[in-house]
Amino acid sequence: MPGEDLESVIEVDFEDAVFGVEAEVSVRTAVVCETCEATGAASGSGPETCGDCGGAGQVQRVRQSMLGQMLTSTACPTCSGRGQVIPNPCSHCSGEGRIVEDRSFNVQVRAGVDEGTTLRLTGRGAVGPRGGPAGDLYVRVRVRSHPVFERHGVDLLHRLHLPMTQATLGVVLEYETLDGVEELVVPRGTTTGETFRFRGRGVPHLQGRGRGDLVIEVHVDTPTELSDEAERLLRALADERDEVVADEDESLISKIRSAFR
Ligand SMILES: [Zn+2]
Ligand SMILES: [Zn+2]
């Protein structure tokens, strides 16, 4: 009889899911009883052929039915279908040939693995009773979120907030990708929703070669707190561009605000 398949979960960091990592997985499982070496029998004894089924594991019964006599075959209740009984069971495992234990294994998480991926470790499940082969261990991968990047398949997305001045006049930023610092050139007149792309700075393809892209989506921020000097400069700018704005009267501005809420 083979052992059970088991399930476990590991949590890995965002960067580790992108670049791959060796992680440790812990699981409560059944392992071979060392005392009886999986036989289930106390030392000096061994399994014996079941007397009730003669080792066949099956017993036949004659049953009366409306169609006459019927012969049915069922698992032998004495040996549970095993064909053997252990008259003197191992006290360590109660004759099971296996005991429950916590085990941990190292598992290789491949570069590019995403949230919810399940890894199958063949033969790392519970061992079967009395020397039966081990089942498999299924490990579900959970990926911790990143403060900046979002996964979209093999692409990474960053919603980058830019002050109005940088978006309007342009700027060259020292931008931290997962591979290190690179130059991000934001040209003059960049608007909300525009995207920039670092090709090959995303997540590796699980099948095949290459990596996805790092996509930066710009959101231009409107300044909400203004110093007196900033207010003066903005009003001068509005004036220069012939743009009508609310006057400086605080009460009027708060009236306008509340009218739109
Ligand atoms: Zn044992
Ligand atoms: Zn039997």
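Basis for what follows: all heavy atoms, side chains included, without hydrogens, waters or symmetry-related copies. The structure displayed is predicted, hence computed values, not measured ones. First listed ligand is number 1; within each ligand, the first listed atom is number 1.
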task = Fit a plane to each ring of F149 and H158, take the angle between them on a 0 to 90° scale, and name the class: parallel (under 30°), tilted (30 to 60°) or perpendicular (over 60°).
result =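 Taking H158 first and then F149, their aromatic rings stand perpendicular (interplane angle over 60°).
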task = To the nearest 0.5 angstrom, please state how far the CG atom of L137 sits from the CG atom of L6.
result =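 Separation between the atoms: 6.0 Å.
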inquiry  = Taking 2.8 Å as the cut-off, does C33 contribute an N, O or S atom near the Zn ion (ligand 1), distance below it?
reply    =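 Checking the Zn ion (ligand 1) against C33, an N, O or S atom does fall under 2.8 Å.
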message = Quick one: does any side-chain atom of T168 pair with a main-chain N or O of M164 as donor and acceptor, under 3.5 Å?
response =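 Yes; judged by distance alone, with no hydrogens or angles, the pair exists.
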request  = Answer yes or no: is there a donor N or O on one side and an acceptor on the other, between the side chain of D213 and the main chain of G200, under 3.5 Å?
outcome  =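 Yes.
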ask   = Can you list every salt bridge (charged side-chain N to carboxylate O under 4.0 Å, His left out) pair that touches residues 1-10, not counting sequence neighbours?
value =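 Residue pairs with at least one partner in residues 1-10: E4-R98.
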key: Protein N, O or S within less than 2.8 Å of the Zn ion (ligand 2), waters excluded   =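 Checking every protein N, O and S atom gives C50 SG, C53 SG, C76 SG, C79 SG.
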task = Check the side chains of Q58 and S73 for a donor-acceptor pair under 3.5 angstrom, ignoring hydrogens and angles.
result =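 Q58 and S73 do have a side-chain donor-acceptor pair below 3.5 Å.
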Salt bridge E101-R28, side-chain N to carboxylate O under 4.0 Å =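 Here E101 does not pair with R28 in a salt bridge, since their nearest N and O are not under 4.0 Å apart.
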request  = With the Zn ion (ligand 1) at the centre, find the angle made by SG from C90 and SG from C93, to 10°.
outcome  =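 Once rounded, the angle between the two atoms at the Zn ion (ligand 1) is 100°.
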